[in-house]
Amino acid sequence: MTDRDQTSQTVTVSQAAARRRPERVTAVVVALLVIGFSTWVLLTLPIPAAGILTVASVAAWVAWMKTTYAYPVRTRKVIATYLCAIAFQFIHMSEEYLGGFPHEFVELFHSPRQWTEKAFLLTFVFGFGALWVLAAAGALYQLRIANYMLWFYALGAGLINAISHFAFPIIKGGYFPGVYTAGGHLIMSVLLVYFLVQESQRLRAESHRGVKAAPDLTGL
């Protein structure tokens, strides 16, 4: 083996090792943001809603660390599915808004904390709506923090939120705002989770083989 071949092999192994051991600064920053966000919602929102968001943010961090933190998504399939899920999220929140979701939620759980429609719109429709879209842009460039938002959407706004909406009508004994569109949310979030895991497994396998993964931008 020539010196050039040995150098090339060493570089390839080093690159593969680096991909298996990504920097941890982003993980710490996001963990601190999760703690801050969880503290804020626990102090301001009705406790059941705050509990759902806290569980979702922590579960998303764990899933992110085990999958797309080291191997950020690279395919259009994942990002396109995510964007379709976001579009459906706005449809879902339209049903919630028309049905007076914040008021109904407070009444359902007899919460002493008020939750106004204005606060609901500003935070969960416009605020998070902007973050969801920005996360899609970040995912195109394999930004790790954007990949966390993909998981936070899939598990929080999607999966846990959808399951909760099936429980609310049972507790109330009748219609609860958002239940009609919860089924679509469940389908989209399960599909997104599946693609995120599949993508992570593919990129991990390529990394272990020492193959430099390139973005797959050839269709869905």
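Only heavy atoms go into these numbers, but all of them, side chains included; no hydrogens, no water, no symmetry mates. Sequential numbering from 1 along the given sequence is applied to the chain's residues.
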*Run the numbers on Phe176 and Leu108 for side-chain contact (heavy atoms from CB on, under 4.5 Å), then give the verdict.*
CA-CA 9 Å; Phe176 196 85; Leu108 180 65; 3.7 Å; yes

*Do Gln142 and Asn147 touch side chain to side chain, with heavy atoms closer than 4.5 Å?*
no

*Taking the side chain as C-beta and beyond, is there a heavy-atom pair between Ile160 and Ser164 under 4.5 Å?*
yes

*asked:* Assigning hydrophobic clusters by single linkage (Ile, Leu, Val, Met, Phe, Trp, Tyr; side-chain heavy-atom cutoff under 4.5 Å), is Leu83 placed with Met188?
replied: no

*Treat each ILVMFWY residue as a node, draw an edge where side-chain heavy atoms are under 4.5 Å apart, and state whether Met149 and Val62 are in one component.*
yes

*Should the ring pair Tyr148 and Phe152 be called parallel, tilted or perpendicular, given that the plane angle runs from 0 to 90° and is split at 30 and 60?*
parallel

*Are Ile47 and Ile171 in one and the same hydrophobic cluster, where Ile, Leu, Val, Met, Phe, Trp and Tyr link if side-chain heavy atoms are under 4.5 Å apart?*
no

*How far apart are the closest heavy atoms of Pro46 and Phe105, and which atoms are they?*
CB-CE2, 4.0 Å

*How would you list, by chain and number, every residue that makes a ring-ring contact (aromatic ring centres under 6.0 Å, His included) with Tyr175, sequence neighbours excluded?*
Tyr180

Could you pull out every donor-acceptor pair under 3.5 Å between side chains of residues 28-36 and any protein atom, sequence neighbours left out?
none

_Which heavy atom of Leu53 sits nearest to which heavy atom of Val41, and what is that distance?_
CD1-CG1, 4.0 Å

*At what distance, to the nearest 0.5 angstrom, does CG of Leu43 lie from CZ of Arg113?*
6.5 Å

*Tell me, please, which residues at least two apart from Tyr97 pass ring-ring contact (aromatic ring centres under 6.0 Å, His included).*
none

_side chain to side chain donor-acceptor pair (under 3.5 Å) evaluation trace for His185 with Gln89_ = CA-CA 7 Å; His185 243 343; Gln89 166 78 349; 2.5 Å; yes

*What is the distance from atom CE of Met93 to atom CG of Leu98, rounded to the nearest 0.5 Å?*
12.5 Å

*Which pair of non-hydrogen atoms, one from Ala146 and one from Ala135, has the smallest distance, and what is that distance?*
CB-O, 3.4 Å

*Check step by step if side-chain contact (heavy atoms from CB on, under 4.5 Å) holds for Gln198 and Lys77.*
CA-CA 11 Å; Gln198 184 184 58; Lys77 178 171 62 177; 3.1 Å; yes

*If only atom types and distance count, is the side chain of Glu199 paired as donor or acceptor with the main-chain N or O of Val78 below 3.5 Å?*
no

*Would you kindly confirm whether Leu140 and Leu134 end up in one hydrophobic cluster when ILVMFWY residues are joined by side chain heavy atoms under 4.5 Å apart?*
no

_Qualifying salt bridge (charged side-chain N to carboxylate O under 4.0 Å, His left out) pairs with a residue from residues 168-183, counting only residues at least two apart or across chains_ = Glu104-Lys172

*asked:* Applying the side chain to side chain contact (heavy atoms under 4.5 Å, CB included) criterion to Trp64, which one of Leu155, Leu150, Thr26 satisfies it?
replied: Thr26

*For the pair Ser57 (side chain) and Thr54 (backbone), establish whether a donor and an acceptor sit closer than 3.5 Å, ignoring hydrogens and angles.*
yes

_Donor-acceptor contact below 3.5 Å, side chain Glu95 vs main chain Gly178_ = yes

*Taking side chain as C-beta onward, heavy atoms only, is Glu96 less than 4.5 Å from Phe120?*
yes

*What residue pairs, at least two apart or across chains, pass salt bridge (charged side-chain N to carboxylate O under 4.0 Å, His left out) with a residue in residues 122-139?*
none

*Donor-acceptor pair, Thr116 side chain versus Ala119 backbone, under 3.5 Å?*
yes

*Plane angle bin for Phe124 and Trp115 - parallel if under 30°, tilted between 30 and 60°, otherwise perpendicular*: perpendicular

_Phe126 with Phe88, same ILVMFWY side-chain cluster at under 4.5 Å_ = no

*Which is it for Met65 and Arg24 under the side-chain contact (heavy atoms from CB on, under 4.5 Å) test, yes or no, and what are the steps along the way?*
CA-CA 10 Å; Met65 290 301 298; Arg24 297 297 182 182; 3.1 Å; yes

*Any salt bridge (charged side-chain N to carboxylate O under 4.0 Å, His left out) pairs touching residues 26-40, not counting sequence neighbours?*
none

_Closest non-hydrogen atom pair, Arg144 against Pro72_ = CG-CG, 4.2 Å

_Non-hydrogen atoms of Ala162 and Ala182 that approach each other most closely_ = CB-O, 3.5 Å

_Whether His165 side chain and Asn161 backbone form a donor-acceptor pair below 3.5 Å_ = yes

*Taking the side chain from Tyr153 and the backbone from Ala85, do they hold a donor-acceptor pair closer than 3.5 Å?*
yes

*Can you find a side-chain donor-acceptor pair between Trp151 and Thr67 that sits under 3.5 Å?*
yes

*What are the two closest non-hydrogen atoms of Phe90 and Val125, and how far apart are they?*
CE2-O, 3.8 Å

*Which distance, rounded to the nearest 0.5 Å, do you find between the CG of Leu196 and the OH of Tyr71?*
15.5 Å

*Roughly how far, to the nearest 0.5 Å, is the OG1 atom of Thr81 from the CZ atom of Arg76?*
13.0 Å

*Hey, is the main chain of Trp132 close enough, under 3.5 Å, to the side chain of Tyr82 for a donor-acceptor pair?*
yes

_From Arg74 atom CZ to Thr68 atom OG1, the distance as rounded to the nearest 0.5 Å_ = 12.0 Å

*Hey, does Phe128 have a side-chain heavy atom less than 4.5 Å from the side chain of Leu131?*
yes

